[in-house]
Participant: 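Supplied in structure tokens, the structure appears directly below.
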Amino acid sequence: MLRVVDLVTAYGKIEALKGLSLEVREGSITCVLGPNGAGKTTLMLTIAGVLRPRQGAIEFRGEPIAALSPHAIVARGVALVPENRLVFAHMSVLENLHAGAYQRKDPYENDLEKILARFPRLKERASQDAGTLSGGEQQMLAVARALMSRPRLLLMDEPSLGLAPLVVEEIFRIIAELHRDGTSILLVEQNAHMALKVAQHFYLIEQGRVTFSGSPGSLAEDELIRRAYLGSARA
Amino acid sequence: MDEYAIGVLTNIGLFSFVALSAWLLLVAGELSFGQQAFFGVGAYAAGIGTAMLGWPLPLAALAAMALGAAAAALVGLPTLRLRGLYFTMATLAAAEMLRILFELFHWQIALGDERIGPDGTQGFRGIRWMLERGIEPLDFLAMVWILLIGVMVIFLRVENSRLGATLRALGHDPELARSAGIDVDRLKLGVVAAGGALAALGGALFAHHNTYIEPRNFDIMLGVHSLAYGLIGGLGTAFGPLLGVVLDIGVLEATRSLQGYRMIVFGGLVAVLLVFRPRGLLDERVVHWIRSRA
Amino acid sequence: MIDFLQNTLDGLALGSSYALLALGFTLIFGVLRRANLAYGPAIMLGCYCATWAYLKTGIGLLFLALIAVAGSTLAGVYVERLCFAPHRKGAAAAAMVASFALWMQFEELATLALPRHLYAFPALYAGGPLSLGRLTLRVESLVMLVAAILVCAALWRILYRSRFGTAVRAVIDSPAAAELSGISVSAVSLQVFALASAIGGLAGFLIVSGNEQVTPMLGMWSTLKGMLAMMLGGLGSLPGAIAGGVALGLREAHSQWYLGPQLRDFIAYLLLFVLLAVRPPWMNTRSAY
């Protein structure tokens, strides 16, 4: 469904991605693990169109999307839940969700109902300004907003970052549910333990390159977690 | 050289001072819409000095610079912490206040059979020090350009010094500069005062070139022009604002045949130029490239 | 007392035109975080188109209003494409100076078409002022006030009750999040520019037909008053723009009466300077262009 081939993305002279390739299969959860600074967020931002790659190709359902702007990529069915959440702080929860559905020409009231049912906390706070929500609620809202565009592929960048353990569990429960409903997911996570529970396939990236890929269990979990946190070079 | 060419070259020199002062703030990271007011302060102060108090021009010009620096510092102090559009608007507000004060400024003394001095919106005529001393336009032109070259030498020396690097660091990211141990407030105040003095020097010369000044000379149009000169010419070197002035005044004078259309052509060219060179013709990269060749 | 009431009435009328100017300015500023110096000159150009059409054909006021709005909108779109669309990231100074360059362009274009310094513009209302006891009220002022209220109401509906409005507010809130939600920031910016310039064109039309004359100074005047009212209202807030415009109008009418025009303007700038230096809490604290 998504094919990333030999991707190079640079900030000025510093290359954050140095020829990275990966693939996401339709209907799967694919997880990207790696230490800080490995280029995970750069990868997500490049796929979403926020960053322009210097080299390489990104294909979604056979169509090249590497030169498109973010809103055009959303229109093709790829939505990013960014790392820092980025909700519209001065707009209500409901308005945030409407904004998420901006691209859709079809009536989406049913989807809105379903999504609010999935996130009861958001339903309670529907008319509240998003800026007044807690960190976990904002994360839920960011996910819900991305879902409003009815993506075929959901990109999630560290959805558990900085959240309380109970909220993290809820997030992963939702990820599992979305997967069951047929959404493909590319997930970047520091929390390798949780991520490996839901993922069918994972990539380990270090210093801008894929250094290992496989299905959970193909590498001993403690070895994997060690490398995901620390990187093999320093181990 | 004919009188017309002398006039054009003198004007290029005069407006270079105020353009340099706006450029200085631009390099330090702030857009000022207010340098014209300090140009005006200099013009009035020097005019009063020579025409009313009988001072020689050098003394009057020095006094004008001191007053310009003081006025700029006075405006600068309460606005040191303002960034972006807030600072820009504060400088505009201050400059307009000063212009209105010029309009309200009446102080005339009897000299011989005429009254001399600022007369509100009627302006200030009779700043004739040059005529009385018999200084020819060509001599005045030389004086303006010698002073300008002096200023440029200082600018170019500062550019290659630690102070220059500190200034650019401030312009690039004031928070980063602050955390690097730079006394941002003091530096900014110094820049503002230096810019005020520089503009005032230009104003002092302007008053003696024209012999007549009025508050309208120092309105926002001059301020925005000064700022535009630096940005068109380039932020990379102090030659940038000079290039801007030469392009504007020089091109305007050279294209008299286009009478009536030149701002349409020139305005469009500037807008298009900034699309491709948002930091001006002589931006940091071009300057770096030239240096590496030299 | 009667003077005070009369001044207040005049101030409200004046303030409603400032409010309209500030609304347009604020919309652009909110979406782009950039000051558009060519905002007023675009309005001036629109009004010059209308004046030109009036001199050539003598058509009615309604058409003149349409021409003024259409002309301002076109000029505004031109400014956006040339000065703001290319400088979306960074380069705030370049965008501002580019808009100044187009200001010069518009001014010359206007004086080229109509070279005299001053042109008569047909009056909005030919009859005399209404009297309410000892107070007098110009019908033009009444029209201006009503128009301002109608435009605010319509704008409120657009911004808070439409799909387009959601997109506009999303872009104002966070351009990055808007893009990631599928909203084209570039398209919304252009649309907002057109909308704001149209509002400005209407304000310009009301002002010149109220004054029954048009000069190229309208350009600078509109930019300055719009910017001033926006800053007084707290920068980037739409209700603030209305409040700022009305406050500016009231203050000008009163201080003009007591102090004359020079001190009136002096106080306006002093107030702005002090407000900027002190930065009361209602003024937006985001660092912004």
Side-chain angles (χ1 to χ4, degrees), chain A residues 44-45 47-52 68-108 112 127 129-131 138 141-151 154-157, chain C residues 26-27 29-33 81 84-90 155-192 233-241 281-288:
Chain A
M44 295 302 241
L45 292 177
I47 297 173
V50 178
L51 299 175
R52 283 276 163 93
L68 299 177
S69 51
H71 70 267
I73 290 174
V74 175
R76 281 162 181 74
V78 180
L80 170 68
V81 183
E83 181 183 30
N84 39 12
R85 286 161 207 151
L86 276 182
V87 294
F88 300 112
H90 302 289
M91 291 164 71
S92 75
V93 167
L94 210 54
E95 287 171 335
N96 267 270
L97 297 178
H98 282 298
Y102 182 74
Q103 289 269 353
R104 293 177 62 173
K105 304 279 187 288
D106 57 319
Y108 54 79
L112 188 61
S127 59
D129 270 6
Q138 288 192 5
L141 180 57
V143 176
R145 189 185 62 202
L147 290 176
M148 283 304 295
S149 70
R150 210 168 44 185
L154 190 63
L155 310 174
M156 301 179 90
D157 194 357
Chain C
T26 303
L27 270 176
F29 182 80
V31 167
L32 294 162
R33 298 270 126 193
R81 286 291 97 176
F84 292 91
H87 301 294
R88 213 167 292 292
K89 286 182 189 122
L155 198 58
W156 188 86
R157 268 200 75 87
I158 291 175
L159 287 176
Y160 290 88
R161 289 285 178 272
S162 79
R163 205 174 89 92
F164 170 64
T166 306
V168 172
R169 286 187 301 128
V171 173
I172 291 175
D173 203 313
S174 161
E179 270 289 329
L180 289 175
S181 301
I183 297 165
S184 165
V185 173
S186 155
V188 167
S189 302
L190 183 60
Q191 288 157 355
V192 163
L235 212 70
S237 126
L238 292 170
W282 78 81
M283 289 194 64
N284 195 334
T285 48
R286 262 192 279 184
S287 161

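Sequence lines set the chain letters: A, B, ... in the order given, protein chains first and strands last, and positions in each chain run from 1.
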Participant: Write down the atom of H71(A), the atom of Q103(A), and the distance for their closest heavy-atom approach.
Facilitator: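 The pair with the smallest heavy-atom distance is O-NE2, 3.0 Å.
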Participant: Is it the backbone or the side chain of A187(C) that comes under 4.5 Å from a heavy atom of chain A, or both, or neither?
Facilitator: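 Neither part, no heavy atoms under 4.5 Å.
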Participant: What is the distance from atom NE2 of H98(A) to atom CE of M91(A), rounded to the nearest 0.5 Å?
Facilitator: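 Spacing of NE2 (H98(A)) from CE (M91(A)) equals 9.5 Å.
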Participant: Which bit of V50(A) comes within less than 4.5 Å of chain C, counting heavy atoms only: side chain, backbone, both or neither?
Facilitator: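 Side chain of V50(A) only, per the 4.5 Å heavy-atom cut-off to chain C.
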Participant: Quick one: which of A176(C), A167(C), G182(C) has the most heavy-atom pairs under 4.5 Å with chain A, could you say?
Facilitator: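 Option with the top pair count is G182(C).
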Participant: Please name all residues satisfying side-chain hydrogen bond (donor to acceptor under 3.5 Å, both in side chains) with R157(C), sequence neighbours left out, ordered by chain then number.
Facilitator: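 Here no residue qualifies.
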Participant: Side chain to side chain contact (heavy atoms under 4.5 Å, CB included) with R52(A): which residues, sequence neighbours excluded?
Facilitator: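 Applying side chain to side chain contact (heavy atoms under 4.5 Å, CB included) to R52(A) gives none.
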Participant: Which bit of A79(A) is near chain C, if near means a heavy-atom gap under 4.5 Å: side chain, backbone, both or neither?
Facilitator: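 For A79(A), no heavy atom lies under 4.5 Å from chain C.
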Participant: Is it the case that the side chain of S174(C) and the backbone of A170(C) share a donor-acceptor pair, with hydrogens and angles ignored and the cut-off at 3.5 Å?
Facilitator: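 No; zero donor-acceptor contacts below 3.5 Å.
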Participant: What part of A146(A) gets closer than 4.5 Å to chain C, counting heavy atoms only: side chain, backbone, both or neither?
Facilitator: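 Nothing of A146(A), per the 4.5 Å heavy-atom cut-off to chain C.
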Participant: Heavy-atom cut-off 4.5 Å, strictly under: side chain, backbone, both or neither for S69(A) against chain C?
Facilitator: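 Both backbone and side chain.
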